[in-house]
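Heads up: the structure comes next, in structure tokens.
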Number of protein chains: 2
Amino acid sequence: MAGDITHAISNRVFELLRAKIVTGELRPNEPLIETDLAQLLDVSRTPIRESLQRLAAIGLIVPRRRGWAVREYTPAEVLGKFEVRIALEGFAAFLAAQRGTDDQLRRCKRIHEDRLTVEPGDEDRRISTNRDFHAAIIDAAGNEQLKEAIYETGRFYLNRPVVRSSTREEMALAHAEHAAIVDALLARDSQRAEREMRAHIRRTFLMFQRLEPGVHLA
Amino acid sequence: MAGDITHAISNRVFELLRAKIVTGELRPNEPLIETDLAQLLDVSRTPIRESLQRLAAIGLIVPRRRGWAVREYTPAEVLGKFEVRIALEGFAAFLAAQRGTDDQLRRCKRIHEDRLTVEPGDEDRRISTNRDFHAAIIDAAGNEQLKEAIYETGRFYLNRPVVRSSTREEMALAHAEHAAIVDALLARDSQRAEREMRAHIRRTFLMFQRLEPGVHLA
DNA sequence: GTGAACAATCTTGTATGCAGAAATGATTTG
DNA sequence: CAAATCATTTCTGCATACAAGATTGTTCAC
């Protein structure tokens, strides 16, 4: 969905509705009444309906017998989404180790080292450098479709859980895992890079999800 | 996008347009004129516009400065899409070996063995048993989100290339690869199952794609 | 008081109207 | 004859209209 040039109102509506869903302002199973939404956002039903189509396409709403409702995700389904991300981003690490340029991999390392200097309290930089690190690896994978697919999984969960501030221990753990990934990348060990990336994502997920018993990540 | 209950016309329009794109009837870069499409399918612009949103969401059309155009995929981009599928379906094999039930894995084996009896000329059964085999593994992975994601990649390319009839040698090769996957699954060797599945998909892709030099699958 | 039949009200699905931006093409000027 | 300017046409983006089906509420029979 890159390069949206037109659809000014429609895009704004889409993002607003998406935000209201992932933040929980529109609750799961809540029926979405077009006229209400139109009034709420002060537009006509047309851009509302177009946005609903897009929200359905990314799985945030589901069709009801009549109209749409916010999709309820069970913990198992959230886990499922995360496993998709594990598959995709792990493979990105695999590809990056295999065919990323030396420059690209050195850039991953540089971002990682830069991140080591972030103060524990500086949440903004902690988050942004983490995003940059993952983005650098995905870039190094050199597959735009894969990048889009990963980005798409992000649209689902990114804003969903509260972004908790992280402890010093948690940061040290993340640093160690990032270091392991960087090491594997520079060694061009694609399998190890994939393994480390999977473990890293799995752990960060487990950090802030309380799973039902019996549901486990691979 | 399961369980579409309403949107009767809209859904029909979506499928018709999708078919016209993947079959090439609507050519890449061809501008999509809403009024023309509406006239062609004998509906108003409204369901056309809603379908265009959905087509954009699955990557078949892209926004232009004005309106939409059929997205042109370069060979490298098609390759990119396939790599996404490799990542997802490989991971499905991984999960299947790890947590599929014995019943589910035996079913994979049974479908595989059943497929061995297919006559070389029987294209319908060759295709359907292959689909069943892959579906059985994806089912055994026990992740509905992953299944949906794999299915989604299919919406893009399935109808695209001509489904070539396959030689006796090609079938023997596919059988051998399927056997290797089944073997790894029953041995509960998840890493090997993933590796074999990746190799299998990679090879089937290479079979009917002529790649530009310099572009290689991982 | 409970349940069925029916009426009134919502809400959607589709069609159409309208203003403005973009593309097209004609006309003028150097 | 080429390029630029301006008028015309086309097409989109958003708003609104309308009918059919779904939902809700009410009345009436038992």
Side-chain angles (χ1 to χ4, degrees), chain A residues 1-21 25-72 155, chain B residues 1-21 25-72 155:
Chain A
M1 202 62 50
D4 288 357
I5 303 164
T6 63
H7 304 100
I9 291 185
S10 201
N11 280 332
R12 186 175 62 86
V13 167
F14 171 73
E15 286 301 337
L16 285 173
L17 290 181
R18 176 178 158 274
K20 285 184 190 303
I21 293 172
E25 187 177 339
L26 289 171
R27 312 281 295 283
N29 293 317
E30 183 164 341
L32 298 161
I33 309 301
E34 294 174 3
T35 46
D36 292 357
L37 297 175
Q39 196 163 13
L40 182 68
L41 302 181
D42 200 39
V43 296
S44 79
R45 281 175 57 215
T46 304
I48 297 287
R49 286 178 60 81
E50 295 186 0
S51 297
L52 292 177
Q53 293 289 336
R54 294 171 62 181
L55 292 168
I58 63 175
L60 283 179
I61 67 176
V62 287
R64 280 266 178 282
R65 169 139 66 159
R66 184 173 187 183
W68 306 92
V70 176
R71 174 163 179 179
E72 162 130 57
R155 297 183 71 86
Chain B
M1 201 60 50
D4 288 357
I5 302 165
T6 64
H7 304 102
I9 290 184
S10 205
N11 281 333
R12 187 176 62 85
V13 166
F14 171 72
E15 286 301 338
L16 285 173
L17 290 180
R18 177 179 157 270
K20 284 184 190 301
I21 292 172
E25 187 176 340
L26 288 171
R27 310 284 296 281
N29 293 317
E30 183 163 342
L32 296 162
I33 309 301
E34 294 175 4
T35 45
D36 291 357
L37 296 176
Q39 196 165 14
L40 181 68
L41 302 182
D42 200 38
V43 295
S44 80
R45 282 174 56 214
T46 303
I48 297 288
R49 285 176 61 80
E50 295 186 359
S51 297
L52 292 177
Q53 292 291 334
R54 293 171 63 182
L55 292 168
I58 63 174
L60 283 179
I61 67 175
V62 287
R64 279 267 177 281
R65 168 136 68 159
R66 183 177 187 180
W68 306 91
V70 176
R71 174 162 179 180
E72 162 130 56
R155 296 183 71 86

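Note: hydrogens, waters and symmetry copies are ignored here, and every other heavy atom, side chains too, is used. Quick caveat, the model's predicted, so the values are computed rather than measured. Protein chains get the first letters and strands the later ones, always in sequence-line order, with residue 1 at the start of each.
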Closest non-hydrogen atom pair, B/Arg27 against B/Val70:
O-CB, 3.3 Å
Between D/dA15, D/dT12, C/dG13, which one does the side chain of A/Thr46 approach most closely?
D/dA15
What's B/Ile48 touching, base or sugar-phosphate or nothing? Going by heavy atoms closer than 4.0 Å.
nothing
Examine C/dA21: is either OP1 or OP2 under 4.0 Å from a nitrogen or oxygen in the side chain of B/Arg66? Give yes or no.
no
Distance in angstrom units between A/Arg12 CZ and D/dG13 P, rounded
16 Å
What is the separation between atom CG on A/Asp42 and atom P on D/dT16, rounded to the nearest whole Å?
10 Å
Without decimals, in angstroms, what is the distance between A/Trp68 CH2 and C/dT12 C1'?
12 Å
Rounded to the nearest Å, what distance is computed from the CZ atom of residue A/Arg65 to the P atom of nucleotide D/dT24?
11 Å
Here the distance between atom C1' of C/dT24 and atom CD1 of B/Ile33, to the nearest Å, is 13 Å
Whole-Å distance separating the CZ atom of B/Phe14 from the P atom of C/dG13:
16 Å
Does any non-hydrogen side-chain atom of B/Lys20 lie less than 4.5 Å from one of B/Leu26?
yes
Which pairs of donor and acceptor atoms, one on a side chain in residues 36-48 of chain A, lie under 3.5 Å apart (sequence neighbours left out)?
unit_1	atom_1	unit_2	atom_2	d
A/Ser44	OG	A/Thr46	N	3.3
A/Arg45	NE	A/Glu34	OE1	2.9
A/Arg45	NH2	A/Glu34	OE1	2.8

Let me confirm one number: the CZ-CD distance from A/Phe14 to A/Gln53, rounded to the nearest 0.5 Å.
12.0 Å
Send over the distance from B/Arg45 CZ to C/dC18 C1', rounded to a whole Å.
11 Å
OP1 or OP2 of C/dA15 versus the side-chain N and O atoms of B/Ser44: is any pair under 4.0 Å?
yes
Length of the CG-P vector between B/Leu52 and C/dT14, whole Å:
14 Å
